[in-house]
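Residue numbers begin at 1 in each chain, while the letters A, B, ... track the order of the sequences.
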There are 2 protein chains.
Amino acid sequence: MRLLAQELDTGPASLYVYVANTAELHAAVLDELLGEVDLEPAEGEGDWRDRLAGVLTSYSDMLFEHPALARSALTARPNGEHYLRLLERLLALLDEGGVPRTQAAWGVDVLLQFATATAAEQSTRGQAPEAAEEWDALTRVIHGVDVKSHPHVHTLAASLLAGSPEDRMTWCLQALINGIAHTPTPTPTAAPAPTPDADRTDS
Amino acid sequence: MRLLAQELDTGPASLYVYVANTAELHAAVLDELLGEVDLEPAEGEGDWRDRLAGVLTSYSDMLFEHPALARSALTARPNGEHYLRLLERLLALLDEGGVPRTQAAWGVDVLLQFATATAAEQSTRGQAPEAAEEWDALTRVIHGVDVKSHPHVHTLAASLLAGSPEDRMTWCLQALINGIAHTPTPTPTAAPAPTPDADRTDS
DNA sequence: ACCTGAACACCGTTCAAGT
DNA sequence: ACCTGAACACCGTTCAAGT
């Protein structure tokens with residue numbers, strides 16, 4: 001607030017004529033930046049999954065460049081014009097993939113939450129200089145874990161720490177999309193355990 | 001810091017003898033609270049998926065009661081004793097379900113990230129009094145969206161807003177687990193597109 | 001009616017000075 | 001050597017007073 005006011009050559013109080021608080025300001029700026037998200041990413045010829053992943057990557061790249069905003073995007077859900085455009089595009093891609101409607105509706109939330117959380121996580125780490133040191137500490141702890149008490153952690157030590165952020169991001173998005181596409185939402189009526197994939201429209 | 005110092009009847013400066021900064025303090029408190037997570041949730045007779053979901057729900061419930069901590073847990077990854085215990089338990093459950101090792105190793109991160117992000121999101125909303133008002137605004141926007149420009153959002157309006165936080169949480173966890181179990185990690189060697197499910201040990 | 005200087009009530013962190 | 005009072009450099013938000 002104070003920084004923005006300074007940029008605008010005025011006192012911070014003046015901003016409160018236009019926004020109620022910091023959360024509202026963040027939401028407005030976020031929606032503005034949402035306009036920069038690439039809804040038709042380069043690999044236009046790819047699978048609908050790849051294009052979906054591309055849109056979400058573009059979204060998270062945008063947040064990555066604005067760490068403070070990424071953090072507040074997790075709590076302050078926007079509802080502006082550009083947000084709706086993004087939502088529409090994500091739903092259209094899921095529909096193109098034949099993902100059942102109710103699963104797509106709940107799925108977009110997880111997809112956006114994942115992209116947002118990842119951006120918040122990594123961009124904050126990128127900011128702090130002690131990030132590398134912290135990662136070193138985790139590496140040592142994981143590799144030095146006792147075999148008897150933590151057999152799985154010990155065995156998987158290398159895998160747990162493996163992969164570039166990009167590779168992990170790509171895999172996570174695929175896993176997320178697959179999970180959304182293959183997990184039926186509960187039926188509104190209190191019916192007993194529904195047949196898996198009962199309401200899928202496509203496979 | 002100041003609040004804690006007050007609780008301890010001293011000045012904030014004294015805390016810096018024991019911790020380097022707020023992030024380190026949060027990490028220490030978080031690991032302590034991780035000790036409260038129920039690793040053998042009630043439904044001990046359920047599917048491995050249900051037990052996995054149970055552990056993660058217990059984790060997110062704990063964070064839900066400590067909103068400030070939930071927010072910092074997203075960035076400050078702990079590496080203490082209780083964190084390792086939790087990691088070990090999650091890996092054991094995934095192994096029990098026959099999830100391939102490399103997928104399990106990357107999967108635990110997403111699972112914990114999802115639970116953390118959800119807790120941070122909802123507990124912050126629970127704190128702020130304007131949360132309900134904000135949700136009302138989103139509801140109006142979604143229901144009032146133009147059919148021509150946003151056909152999918154319009155059609156799915158009800159579904160987008162449907163479901164209790166608990167139902168959504170449960171479904172999301174299932175989707176996540178399914179996705180992790182069915183999405184092969186990239187092979188380290190630069191091989192061409194691997195056969196789907198190539199390295200699954202179970203189905 | 002619209003805007004804002006100055007103040008209020010907070011933060012985390014540092015460091016010189018004490019014991 | 002260990003601890004801490006006081007200060008530094010910030011925040012977001014409010015409101016009485018100005019134009």
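- Nearest heavy atoms, B:Leu112 versus B:Tyr83: CD1-CE1, 4.1 Å.
- Near DNA chain D, meaning a heavy atom under 4.0 Å away, there are no residues from residues 71-80 of chain B.
- A:Gln113 and B:Thr118 share a side-chain donor-acceptor pair at under 3.5 Å.
- Smallest separation of non-hydrogen atoms from B:Val110 and A:Cys172: CG2-SG, 3.7 Å.
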Applying the Watson-Crick and G-U criteria (both distances under 3.5 angstrom) with [ ] for crossing and | for other-strand pairs, one obtains for DNA chain C ||.|||||...|||||.||
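- Screening B:Arg85, B:Arg51, B:Arg89 against B:Glu40 for a salt bridge (charged side-chain N to carboxylate O under 4.0 Å, His left out) leaves a single residue, B:Arg89.
- For the 3.5 Å distance criterion, the side chains of A:Thr185 and A:Thr102 qualify, holding a donor opposite an acceptor.
- Side-chain contact annotation: A:His150 with B:Glu88, donor-acceptor N/O pair under 3.5 Å absent.
- For B:Leu15 and D:dT4, the CG to P distance is 10 Å, given to the nearest whole Å.
- Following rounding to the nearest Å, A:Leu8 (CG) and C:dC3 (P) show an atom-to-atom distance of 13 Å.
- Rounding to the nearest 0.5 Å gives a distance of 13.5 Å between CD1 of A:Ile180 and CD of B:Gln174.
- D:dC8 and C:dC10: their C1' atoms are spaced 15 Å apart (whole Å).
- No side-chain donor from either of A:Arg101 and B:Thr155 sits under 3.5 Å from a side-chain acceptor of the other.
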Classify every nucleotide of nucleotides 12-19 of chain D by which part a protein heavy atom approaches to under 4.0 Å, writing B for the base, S for the sugar-phosphate alone and - for neither, in 5'-to-3' order.
BBBB----
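- Taking OG1 of A:Thr116 as the reference point, atom CG of A:Leu56 lies at 9.0 Å (rounded to 0.5 Å).
- Remark: P of D:dC11 and CD of A:Gln6 are 9 Å apart, rounded to the nearest angstrom.
- At a threshold of 4.0 Å, the pair B:Arg125-B:Glu121 counts as salt-bridged, since one of the basic side-chain nitrogens sits closer than that to a carboxylate oxygen.
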